Protein chains: 4
Amino acid sequence: MTPPSRTLRADAARNRELLLAAAEAEFAERGLEASVADIARRAGVGKGTVFRHFATKDDLIAAIVRTHVGTLDAAGQRLLAAADPAAALLEFLTVAGGQREQRDVSYLLNADDAGPEVVALRERLYRTVCLLVDRAREANAVRADVTGHDVVLLMCAPNHVVSFVKDPPPDLWRRYLAIIFDGLRPEGAHPLAPPAPEL
Amino acid sequence: MTPPSRTLRADAARNRELLLAAAEAEFAERGLEASVADIARRAGVGKGTVFRHFATKDDLIAAIVRTHVGTLDAAGQRLLAAADPAAALLEFLTVAGGQREQRDVSYLLNADDAGPEVVALRERLYRTVCLLVDRAREANAVRADVTGHDVVLLMCAPNHVVSFVKDPPPDLWRRYLAIIFDGLRPEGAHPLAPPAPEL
Amino acid sequence: MTPPSRTLRADAARNRELLLAAAEAEFAERGLEASVADIARRAGVGKGTVFRHFATKDDLIAAIVRTHVGTLDAAGQRLLAAADPAAALLEFLTVAGGQREQRDVSYLLNADDAGPEVVALRERLYRTVCLLVDRAREANAVRADVTGHDVVLLMCAPNHVVSFVKDPPPDLWRRYLAIIFDGLRPEGAHPLAPPAPEL
Amino acid sequence: MTPPSRTLRADAARNRELLLAAAEAEFAERGLEASVADIARRAGVGKGTVFRHFATKDDLIAAIVRTHVGTLDAAGQRLLAAADPAAALLEFLTVAGGQREQRDVSYLLNADDAGPEVVALRERLYRTVCLLVDRAREANAVRADVTGHDVVLLMCAPNHVVSFVKDPPPDLWRRYLAIIFDGLRPEGAHPLAPPAPEL
DNA sequence: AATGAATGAGGCTTCATTCAT
DNA sequence: CATGAATGAAGCCTCATTCAT
């Protein structure tokens with residue numbers, strides 16, 4: 001009669017991780033329209049188990065976004081303390097790109113329907129990036145007319161760009177990050193026409 | 001004996017345009033999984049009319065791609081004769097961005113299933129861009145390590161980036177095109193890590 | 001202002017025949033689910049013209065049935081005057097089979113929804129066949145326990161049977177008509193279990 | 001560790017049988033173009049359940065054919081060992097007719113698209129019938145010029161013929177089987193014009 | 001708690017029929 | 001009158017979600 005909740009919880013937690021991993025892999029291969037059934041199969045569990053852990057397919061997506069955004073924010077926070085602000089910003093963008101490696105999951109960042117929790121996380125990430133950019137700007141490592149919001153928006157571009165290549169080398173995104181990052185530098189910067197968007 | 005199909009064609013042609021416009025808008029808002037029913041509704045026609053004009057949803061997509069790619073290629077060809085190679089390349093990218101203005105239809109460029117005609121068009125555009133880039137490179141207007149393929153890939157980025165902004169000003173993409181284009185210039189260019197992809 | 005109804009009628013009549021022929025061919029190739037559009041195309045007219053002549057696809061089918069049944073009845077009537085009753089009945093069944101040659105259109109005879117006119121025609125054919133069978137029976141050319149209704153029912157069997165052969169020779173149905181007709185003869189007849197159906 | 005899938009299977013198996021029965025009835029009444037929705041309704045299950053059991057409408061058809069052909073072949077195999085070859089062949093055809101009792105499902109034998117498994121089954125049945133006919137021929141119970149293929153083709157005729165009668169007595173097909181079987185006997189046989197088809 | 005069977009809304013496509021030209 | 005464009009109901013199939021076991 002003693003609740004065996006220990007092992008059960010362990011199993012459940014394991015299944016949760018299996019599902020997140022399977023979902024991410026499946027989404028990466030097939031896009032968001034990957035079927036829940038395939039995800040379940042890949043995770044080696046029944047379809048019903050998916051819904052036990054994530055009430056909705058959207059919830060599952062949100063959980064993945066949460067992970068991504070959370071991880072990224074943590075990296076950003078850590079890099080706020082780095083010695084070289086320019087290197088810190090580039091490293092941050094490198095972490096962002098590496099996180100997706102090969103896959104454009106930028107649409108995950110869309111989800112206005114993603115629920116308040118995700119929105120909050122996103123805003124936190126936004127503030128972190130602003131701080132990183134501010135530091136870099138003060139160190140004259142990025143042009144004066146570029147904002148944190150600009151960088152947030154451009155953050156996904158390298159992976160997105162690569163998504164049009166058939167069988168890209170796994171780090172091709174670095175090439176486009178380098179180009180874009182050069183565009184953010186103060187050297188040889190041309191004035192920017194429309195002002196940066198708010199928020 | 002004169003073909004009595006002028007007025008009928010007028011109506012049909014109008015519907016065809018309505019459908020293409022509706023499809024483009026719907027795809028831009030919802031992605032390629034926008035439903036044919038919604039497209040038909042938006043165009044103000046019955047579902048069956050879509051089929052009459054485009055035997056398949058894929059055909060509809062192909063038609064849109066055809067239009068985009070064709071128009072863009074024409075612009076590129078024209079700009080090959082321009083006096084200033086640097087301005088020509090920038091103008092080309094500006095045409096590309098303006099064509100979509102606010103709309104990230106970059107996924108249209110995916111469609112490997114788009115049929116041989118679309119593939120051919122795409123390759124033609126690719127060659128045109130290569131020529132534009134070659135000219136610009138020779139004029140020292142873009143960095144030496146950037147290829148036509150790079151530019152083709154980056155072409156969609158400004159619009160894509162803007163698609164994450166809630167209610168963006170219609171020309172916000174120009175801001176990001178400016179940044180990216182600055183990244184393509186030779187001034188202050190840092191070396192690029194992975195080589196450019198083939199094809 | 002003189003009504004040019006003469007030539008128009010001629011045209012219309014021609015179209016009607018074209019349509020009947022096209023429909024029969026199409027039905028023969030594809031079955032009753034052949035599309036009206038295909039029939040129109042085969043007849044070389046517009047889809048609308050089909051409906052001008054036959055308010056409904058079912059009407060078109062009924063018209064074909066009418067033709068078949070009418071022709072067959074006429075043949076039967078003619079054969080009622082033939083010298084040899086046995087040969088007359090066999091000839092009648094041969095006409096029936098040849099009329100369909102290669103194609104099982106027996107389902108056309110189903111159509112309870114075929115409208116009163118078709119029903120009337122069918123009954124007339126039925127009476128004709130009964131007379132043919134009566135004469136043959138009196139001449140001891142068919143077994144005593146076989147009725148006109150039996151023969152009407154068996155009439156379509158040879159073509160139906162052949163419809164299961166992949167690429168049958170055009171007169172294969174004659175083989176099965178011969179077998180069935182032998183079954184109708186008095187020689188070596190075994191008693192029949194359930195009585196013949198009414199009507 | 002015992003597979004906990006007994007009761008679930010029970011439900012599922014029941015539904016499978018319900019579906020097969022409903023499909024057979026619906027096909028018999030409306031032909032193969034009976035709608036999956038109607039079949040599901042008749043079976044008292046949802047539309048999706050049909051798909052779960054039979055991935056495709058064609059699979060459903062194939063399953064029915066499989067059942068029919070398999071059962072019939074088993075009967076034929078058994079009758080190969082019967083003492084009286086003539087009685088054995090008649091009994092076989094009686095089983096065939098009784099299996100359908102009132103239902104013309106002969107179109108089921110068409111399905112060239114039915115998949116290789118069904119084709120194989122059909123060929124097996126064909127060989128069984130050939131053996132039955134060979135034995136009967138050797139015993140002088142059927143005419144010398146009749147082949148197994150002939151019998152296979154004629155097998156469905158009695159039920160088909162009956163399908164044109166409004167409310168037929170359930171065993172009316174026996175009447176037409178008797179007539180056709182008399183046509184297969186050597187007594188009073190007239191020569192057959194076109195040779196029997198191959199395969 | 002896990003499973004997978006069942007459900008039904010919704011997607012794409014076809015086609016008989018109507019109607020403006 | 002003929003034409004073919006438009007329509008919308010209906011068909012097959014997919015899949016997120018619920019629920020009995």
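In what follows, chains are A, B, ... by sequence order, proteins preceding strands, each numbered from 1. Side-chain atoms are counted along with the backbone in the values below, which use heavy atoms only and exclude waters and symmetry mates. Every value quoted in this text rests on a predicted model; they were computed, and no experiment measured them.
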In whole Å, I'd like the distance from the [atom1] atom of [X] to the [atom2] atom of [N].
X       : N      : atom1 : atom2 : answer
A:Asp59 : F:dA16 : CG    : P     : 14 Å
D:Arg14 : F:dT21 : CZ    : P     : 12 Å
C:Asp58 : E:dC15 : CG    : P     : 16 Å
C:Leu18 : F:dA2  : CG    : C1'   : 14 Å
B:Arg30 : E:dC12 : CZ    : P     : 12 Å
B:Leu32 : E:dG11 : CG    : C1'   : 15 Å
D:Asp11 : F:dT18 : CG    : C1'   : 15 Å
D:Asn15 : E:dT7  : CG    : C1'   : 12 Å

Qualifying residues under salt bridge (Lys or Arg N to Asp or Glu O under 4.0 Å), relative to A:Glu26, sequence neighbours excluded: A:Arg30, A:Arg42
Can you name the side chain to side chain contact (heavy atoms under 4.5 Å, CB included) partners of [X], sequence neighbours left out?
X       : answer
B:Ala37 : B:Ser35, B:Lys47
A:Ala43 : A:Leu18, A:Leu19, A:Ala22, A:Val45
D:Thr56 : D:Asp58, D:Asp59
D:Glu17 : D:Leu20

Between CG on residue D:Leu121 and NE2 on residue D:His68, distance to nearest 0.5 Å: 13.0 Å
Residues which pass side-chain hydrogen bond (donor to acceptor under 3.5 Å, both in side chains) with D:Arg14, listed by chain and number, not counting sequence neighbours: none
side-chain hydrogen bond (donor to acceptor under 3.5 Å, both in side chains) partners of A:Arg41, counting only residues at least two apart: A:Asp38
Bend angle of the helix from E:dA2-F:dT21 to E:dT21-F:dA2, end axes from five pairs each (to 10°): 10°
Residue mapping more 5' on DNA chain E - nearest nucleotide basis, C:Val36 or D:Arg16: D:Arg16
Of residues 49-56 of chain D, the positions that come close to DNA chain F - non-hydrogen atoms, cut-off under 4.0 Å: D:Phe51, D:Thr56
Residue-level proximity of residues 37-48 of chain A to DNA chain E when a heavy atom falls under 4.0 Å: A:Val45, A:Gly46, A:Lys47, A:Gly48
Candidates A:Val65, A:Thr71, A:Val69 - the one meeting side chain to side chain contact (heavy atoms under 4.5 Å, CB included) with A:Thr67: A:Thr71
Minimum-distance nucleotide (side-chain atoms of D:Lys57 versus F:dC12, E:dC12, E:dA16): F:dC12
Shortest non-hydrogen separation from B:Arg16 to B:Phe54 and the atoms involved: NH2-CE2, 3.5 Å
Where B:Ile64 and B:Glu24 come nearest, the two heavy atoms and their spacing: CD1-N, 3.8 Å
